Engineer: 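Here it is, the structure, as structure tokens.
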Amino acid sequence: MFPPAGLLVPEDVLRCAGSTPTAIWDALEAAAAPVAVEYHPVSEPELAKLRTIPVNAAAQQALEGVIKALDPKSPTLFRVVLPKGAELVKAAGTTGFRGFSRTGGTTAHAVLKPVAAGGAIAAGWPVLAVAGTVLAIDMMAQREQRAHQRRVEALLGRQEERHYVERIKDQRSADAQLSRAISLMLDGHHPNLELALKSADDEFYRSQQFLEKHRGVVDELVEDDGKVDYRRLEEALGGETKEDDHFVRELHLAQAAIAIRRKATLAEAAAVALVDPTNPYSALRRFWETQVHQLETTAAAATELTEKLGRLELKGRWYDTDKSVAARQERLRARVSPPRVEGDTEIRYVTTSSGEIRQVLPPEEAEPPEPTEDAQDE
């Protein structure tokens, strides 16, 4: 008999870790299918407040075994828990499908009773891991790239507007193709991902070239006093033909392209894992490992460049006032700083009193305001 509320974890995880919350979490991080499911009953008034949609076929298949085993006596909310840590696919097939949501993690596992997901539940566990992970990465990638694109739009000048409108259109098109493919694969179809993957690759490699070109641009400008002359910085970032905002726009578009490529990598792995969960995909996994390394290296380069620009101490010439130099420094930091990416990326399902399974949508959220030109400029 299962308790009315608990934390479902793979049977081997519970066997290795016992019931200590920290040990269970550590074991989940290393598991082949690193997913847990929190569940607890909800009242009818609570159920009525939830925004829900029909569940996709993959989750339906995986959750039916869970619900049959738990046999809940009232409406029950299920939360798919994806451990915080690595964000990318590490394996597919017989060794499991691994990929963690960036914002995963839970506090409730410390108070919920851990129970083993064995027997009939275990059969659908890898599919549940795939469905939960790919849905989480879809939501997070969309929010991340939209936040960077909004920052680019806020910095557009008339001469540059047409070019960047096209760039953002291309990125959103690639993202939409991937989201459509993810929806189809979770509903039991086998979409052709080639066009979506190419679109994601085109944006990624364009941004990768930009980052490689400017890898050491900041280090070369730092003088003996640890500061950078703002004129030299502006020349290095924009030169005589382009203002420094061009560089900042490219940096934000690079971050957006990385988010799309991350989503594409995971979508491809999810697609093949759902087609044949028993296939070890040995050759394809070696290719993915190369792709993941390339993606992680590029993401690290973007983060490093952003952080260095944000920490720069600027200086001017003898006739520049301290106030004007400080204003330039604050303006630069405001523009290169990563935009806030907020929102609920939890994957939740609910069973109604009639036994229907529904996916719970996150609460409707207003987009966080971006810095305005008036706020950024002195």
Side-chain angles (χ1 to χ4, degrees), residues 144-145 147-168 171 203-259 295-341 368-378:
E144 185 176 350
Q145 51 124 345
H148 284 288
Q149 290 164 356
R150 288 196 300 272
R151 186 66 62 86
V152 172
E153 291 168 337
L155 299 176
L156 285 181
R158 290 185 179 179
Q159 293 181 346
E160 298 279 359
E161 184 172 1
R162 182 174 181 179
H163 169 72
Y164 283 102
V165 166
E166 289 296 310
R167 289 285 305 279
I168 291 173
Q171 288 194 347
E203 286 299 311
F204 174 77
Y205 288 124
R206 179 185 295 177
S207 296
Q208 186 186 51
Q209 290 175 350
F210 164 78
L211 292 168
E212 288 177 350
K213 178 181 178 181
H214 296 93
R215 182 181 297 273
V217 66
V218 174
D219 296 334
E220 296 171 357
L221 298 174
V222 178
E223 300 181 12
D224 292 340
D225 59 359
K227 297 183 178 182
V228 174
D229 187 303
Y230 75 81
R231 288 177 177 83
R232 290 186 63 206
L233 176 66
E234 289 174 356
E235 182 179 353
L237 299 188
E240 296 180 356
T241 58
K242 296 177 181 177
E243 78 286 5
D244 59 346
D245 277 348
H246 168 82
F247 182 93
V248 175
R249 287 192 290 264
E250 290 293 331
L251 183 57
H252 283 295
L253 285 176
Q255 296 277 22
I258 289 167
L295 181 54
E296 290 176 339
T297 300
T298 304
T303 299
E304 180 183 24
L305 182 55
T306 300
E307 291 177 349
K308 285 183 176 180
L309 287 169
R311 293 195 302 262
L312 278 185
E313 295 288 338
L314 299 184
K315 67 178 183 180
R317 310 290 168 82
W318 62 269
Y319 48 80
D320 292 312
T321 66
D322 291 343
K323 182 178 180 181
S324 67
V325 174
R328 288 179 179 275
Q329 181 168 293
E330 289 306 311
R331 177 179 179 274
L332 174 64
R333 290 178 176 177
R335 296 191 173 199
V336 301
S337 63
R340 296 189 303 274
V341 182
E370 294 294 334
T372 64
E373 290 295 311
D374 293 339
Q376 293 169 353
D377 295 330
E378 189 72 16

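If you're wondering where the values come from, they're calculated on a predicted model, not measured in any experiment.
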Engineer: Compute whether any side-chain donor of one residue and acceptor of the other, for Ser324 and Thr321, lie under 3.5 angstrom apart.
Structural biologist: yes

Engineer: Is there side-chain contact between Leu211 and Leu251, with heavy atoms separated by less than 4.5 Å?
Structural biologist: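 Yes. Closest side-chain heavy atoms under 4.5 Å.
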
Engineer: Taking ring pair (Phe, Tyr, Trp, His ring centres under 6.0 Å) as the cut-off, I'd like each qualifying pair that reaches into residues 209-229, sequence neighbours left out, listed once.
Structural biologist: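 Qualifying pairs, neighbours excluded: Phe210-His214, Phe210-Phe247, His214-Phe247.
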
Engineer: Are the side chains of Pro339 and Gln255 in touch, meaning some heavy atoms are under 4.5 Å apart?
Structural biologist: no

Engineer: Angle class for the Tyr164/His246 ring planes (parallel below 30°, perpendicular above 60°, tilted otherwise)?
Structural biologist: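 Correct class here is perpendicular.
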
Engineer: Hey, does Lys213 have a side-chain heavy atom less than 4.5 Å from the side chain of Gln209?
Structural biologist: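 Sidechains of Lys213 and Gln209: no contact.
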
Engineer: Under a 4.5 Å cut-off applied to non-hydrogen side-chain atoms, are His252 and Arg335 in contact?
Structural biologist: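 The answer is no; the side chains never approach within 4.5 Å.
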
Engineer: Ala236 and Leu221: which non-hydrogen atoms are nearest, and at how many Å?
Structural biologist: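 Closest pair (atom of Ala236, atom of Leu221, distance): CB-CD1, 3.8 Å.
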
Engineer: Under 4.0 Å between a Lys/Arg side-chain N and an Asp/Glu carboxylate O for Glu250 and Arg206?
Structural biologist: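 Looking at Glu250 and Arg206, the cut-off is not met.
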
Engineer: Any side-chain donor paired with an acceptor under 3.5 Å for Gln149 and Glu153?
Structural biologist: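 No donor-acceptor contact under 3.5 Å links the two side chains.
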
Engineer: Measuring from atom CG of Leu233 to atom CD of Gln329, what distance do you get when rounded to the nearest 0.5 angstrom?
Structural biologist: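 With rounding to 0.5 Å, CG (Leu233) is 10.5 Å from CD (Gln329).
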
Engineer: Any salt bridge linking Glu235 with Arg231? Criterion: basic side-chain nitrogen under 4.0 Å from a carboxylate oxygen.
Structural biologist: no

Engineer: Apply side chain to side chain donor-acceptor pair (under 3.5 Å) to Arg311 and list each qualifying residue two or more places apart in sequence or on a separate chain.
Structural biologist: none

Engineer: NZ of Lys227: more than 12 outside heavy atoms within 6.0 angstrom?
Structural biologist: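 No, NZ of Lys227 has 12 or fewer neighbouring heavy atoms, counting only those of other groups under 6.0 Å.
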
Engineer: If you round to the nearest 0.5 Å, how far is CD of Glu307 from OG of Ser337?
Structural biologist: 12.0 Å

Engineer: So do Thr297 and Gln208 actually touch side chain to side chain, heavy atoms under 4.5 Å?
Structural biologist: no

Engineer: Looking at side-chain heavy atoms only, is the closest gap between Arg317 and Asp229 below 4.5 Å?
Structural biologist: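 Yes. Closest side-chain heavy atoms under 4.5 Å.
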
Engineer: Drop me the distance from Leu332's CG to Glu234's CD, to the nearest 0.5 angstrom.
Structural biologist: 9.0 Å

Engineer: Using side-chain contact (heavy atoms from CB on, under 4.5 Å), reason through Leu309 and Leu312 one step at a time and then give a plain yes or no.
Structural biologist: CA-CA 5 Å; Leu309 287 169; Leu312 278 185; 4.0 Å; yes

Engineer: Would you call Asp320 and Arg328 a salt bridge, using N to O less than 4.0 angstrom?
Structural biologist: no

Engineer: Walk me through it: do Glu220 and Lys308 pass the test salt bridge (charged side-chain N to carboxylate O under 4.0 Å, His left out)?
Structural biologist: CA-CA 12 Å; Glu220 296 171 357; Lys308 285 183 176 180; over 6 Å; no

Engineer: Determine whether Lys315 and Asp225 satisfy the following criterion, side-chain contact (heavy atoms from CB on, under 4.5 Å), listing intermediate values before the conclusion.
Structural biologist: CA-CA 10 Å; Lys315 67 178 183 180; Asp225 59 359; 3.0 Å; yes

Engineer: Answer yes or no: is there a side-chain heavy-atom contact under 4.5 Å between Ile168 and Leu253?
Structural biologist: yes

Engineer: Side chains of Phe204 and Leu295: does their closest heavy-atom pair fall under 4.5 Å?
Structural biologist: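 Answer yes - side chains close enough.
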
Engineer: Can you tell me how far apart OH (Tyr230) and CG (Leu237) are? Round to the nearest 0.5 Å.
Structural biologist: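 Spacing of OH (Tyr230) from CG (Leu237) equals 14.0 Å.
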
Engineer: I'd like to know whether CG of Asp219 has more than 12 heavy-atom contacts from other residues, nucleotides or ligands below 6.0 angstrom.
Structural biologist: yes

